[in-house]
Q: 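Dumping the structure here so I can ask a few things about it.
In each ligand, atom 1 is the first atom listed, and ligand 1 is the first ligand listed.
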Amino acid sequence: MAASLSTRRSAGEAVAHSKVAGLQARWSANALTRFVDPLPLLETVQPTGRRPTPDHSGAQLPFYKVVMSQFEAKLHRDLKPTRLWGYGARSPGPIFDTNSGQGLLVEWGNDLPAQHFLPIDHTIHGAEIHQPEVRTVVHLHGGKTPPASDGYPENWYAPGKSVVFHYPNHQDATMLWYHDHALGINRLNVLAGLLGIFFVRDGQEDSLKLPRGKYEVPLVIYDRSVDEDGQLVYPVSGHSESPWVPEFSGDAIVINGKIFPYLEVEPRRYRFRILNGSNGRLISLTFNTGQAWFPRFFQIGSDQGFLQSPVSVMRVRLSPAERADAVFDFSGYAGTDVFLRNDNLNVMKFRVAAKGSHDDSALPQTLRPIRRISEAEAVKTRSLTLVEVDDSSRGPITMLLNNAHWSMPVTEDPVLDSVEIWNLINLTGDDHPIHLHMVRFQILDRRAFDSSLYRATGQLKYLGAALAPAPEEMAWKDTIRADRGMVTRIIIPFEGFLGRYVWHCHNLEHEDNEMMRPFDVVPHPRRRR
Ligand code: C2O
Ligand code: CU
């Protein structure tokens with residue numbers, strides 16, 4: 001069992017504190033008054049000028065500068081300000097609103113303090129005691145980005161430094177997100193607040209006449225625990241040498257930086273751009289109108305862009321790092337309150353005005369044609385296991401991809417412009433959101449198998465028929481839930497750039513403790529010199 005550590009206490013004091021806390025009802029942010037803070041509408045960052053492209057072609061690209069720093073912000077009206085880390089002194093960071101094909105440059109500065117305020121586990125690879133305590137590197141999640149700008153976990157830098165990354169942006173319209181990716185402390189950096197969203201727009205999206213402007217609302221959702229002083233709380237294992245815990249689950253749901261926010265809306269269609277930015281929590285969202293049933297709405301896109309057609313849903317489920325693009329019509333609810341509900345808790349309120357402006361938005365039947373990649377196009381199939389290394393006294397101590405540690409030689413080496421099928425064989429008792437950098441992929445199916453037989457003999461025996469992906473998973477994806485006891489098959493065209501990237505579990509506690517591997521996109525052998 002994980003003990004609770006107020007991040008302002010030392011580890012020793014925390015152990016003493018947790019013994020006391022076990023006897024008392026623990027204070028929870030869920031006791032705060034609900035729906036008193038307006039939903040923050042995240043600001044958009046503007047370029048400060050233009051700079052030459054890194055390829056020396058002479059072209060000029062928009063140039064942005066964003067600095068990471070420590071600051072305080074109120075997560076709720078009745079909480080004291082919370083110490084946070086963020087981009088541009090905000091958490092979530094500012095929105096990038098960019099156009100497909102229009103490359104850009106971002107200078108990411110690190111102005112963070114030299115000391116971390118969350119418990120580092122120095123036994124974890126990359127976070128050894130001789131490393132600087134605070135290290136950061138930004139990754140644009142879902143970006144088709146050259147390797148030097150991708151935020152490789154070992155390319156971190158310490159406070160006082162900055163780097164310029166190049167995002168060519170040659171990809172379909174969607175909502176990406178940027179977040180920290182420093183080896184061994186990524187979970188702590190993201191939890192401290194280092195994340196933000198990045199829109200890519202294109203002509204296809206424009207032609208659809210979806211709700212836009214103030215009727216398009218980003219919702220960055222994650223869970224956090226705070227103490228009565230408003231400070232972030234992160235659990236520790238109780239082993240003072242190795243405080244890492246295998247899971248984080250916060251008490252409260254934070255949306256765009258507020259706990260229990262509300263939003264005034266008009267009785268018309270809205271487009272919500274939703275990110276699950278949690279370290280490890282699956283979110284399951286419905287709209288609650290006070291009726292016994294949940295109203296239906298449309299999911300129109302996923303991680304890497306539009307679904308072919310809108311899918312009518314009553315719930316959106318997102319693993320960490322997954323995104324949903326959804327349209328909800330408030331026109332039947334004029335003058336009432338509608339709630340956004342996660343699991344069984346109303347986490348946000350929409351106050352629907354009695355009247356609104358004329359709604360000229362549309363919801364077309366075809367959003368973007370998606371060609372399904374056929375299995376016959378794959379030149380290679382890889383079988384990759386997800387495993388948990390247990391210690392009987394402590395539970396899971398590490399999780400691995402294909403039984404390999406981070407530092408072992410690269411084993412996944414797809415050829416540029418080839419198609420591969422990856423079979424994710426989940427031998428653990430958990431579902432894991434698996435993410436590949438640089439590429440987008442499609443899910444083929446999920447299929448139950450005999451995991452004890454596999455563990456004993458390496459033999460793959462299926463226990464049932466292959467299950468087709470859910471209709472809302474039929475868009476291009478960059479993160480996929482690999483369910484426990486299942487083989488999840490994805491098909492991946494390796495298009496983009498040569499070079500070294502990573503693939504990993506996006507449960508950040510898992511990722512930090514070895515559930516991440518490098519992969520190399522390599523040239524075709526006949527084209528190699
Ligand atoms: Cu969201 Cu490796 O990334
Ligand atoms: Cu995992």
Q: What is the name of the N/O/S atom of H510 that is nearest to the Cu ion (ligand 2)?
A: ND1

Q: What about W177 and H506, are their ring centers closer than 6.0 Å?
A: yes

Q: Would you say R201 has more than 12 foreign heavy atoms packed within less than 6.0 Å of its CZ?
A: yes

Q: Is atom 2 (Cu) of ligand 1 under 2.8 Å from any N, O or S atom of H181?
A: yes

Q: Can you tell me if an N/O/S atom from C505 lies under 2.8 Å from the Cu ion (ligand 2)?
A: yes

Q: Please identify which of these residues, E509, R187, E511, meets the side chain to side chain donor-acceptor pair (under 3.5 Å) condition with N279.
A: E509

Q: Report whether any nitrogen, oxygen or sulfur of H437 sits less than 2.8 Å from atom 2 (Cu) of ligand 1 (N, O or S, backbone or side chain).
A: yes

Q: Would you check if atom 1 (Cu) of ligand 1 lies under 2.8 Å from any N, O or S atom of H179?
A: yes

Q: Can a donor-acceptor pair be found between the side chains of H437 and H139 at a distance below 3.5 Å?
A: yes

Q: With a 6.0 Å cut-off on ring centres, are H510 and H504 close enough?
A: no

Q: So that I can check it, does any N, O or S atom in H139 come closer than 2.8 Å to atom 1 (Cu) of ligand 1?
A: no

Q: Give the name of the N/O/S atom in H141 that lies closest to atom 1 (Cu) of ligand 1.
A: ND1

Q: Taking the ring of Y178 and the ring of Y87, is the distance between their centroids below 6.0 Å?
A: yes

Q: Would you name the N/O/S atom of H432 that lies closest to the Cu ion (ligand 2)?
A: ND1

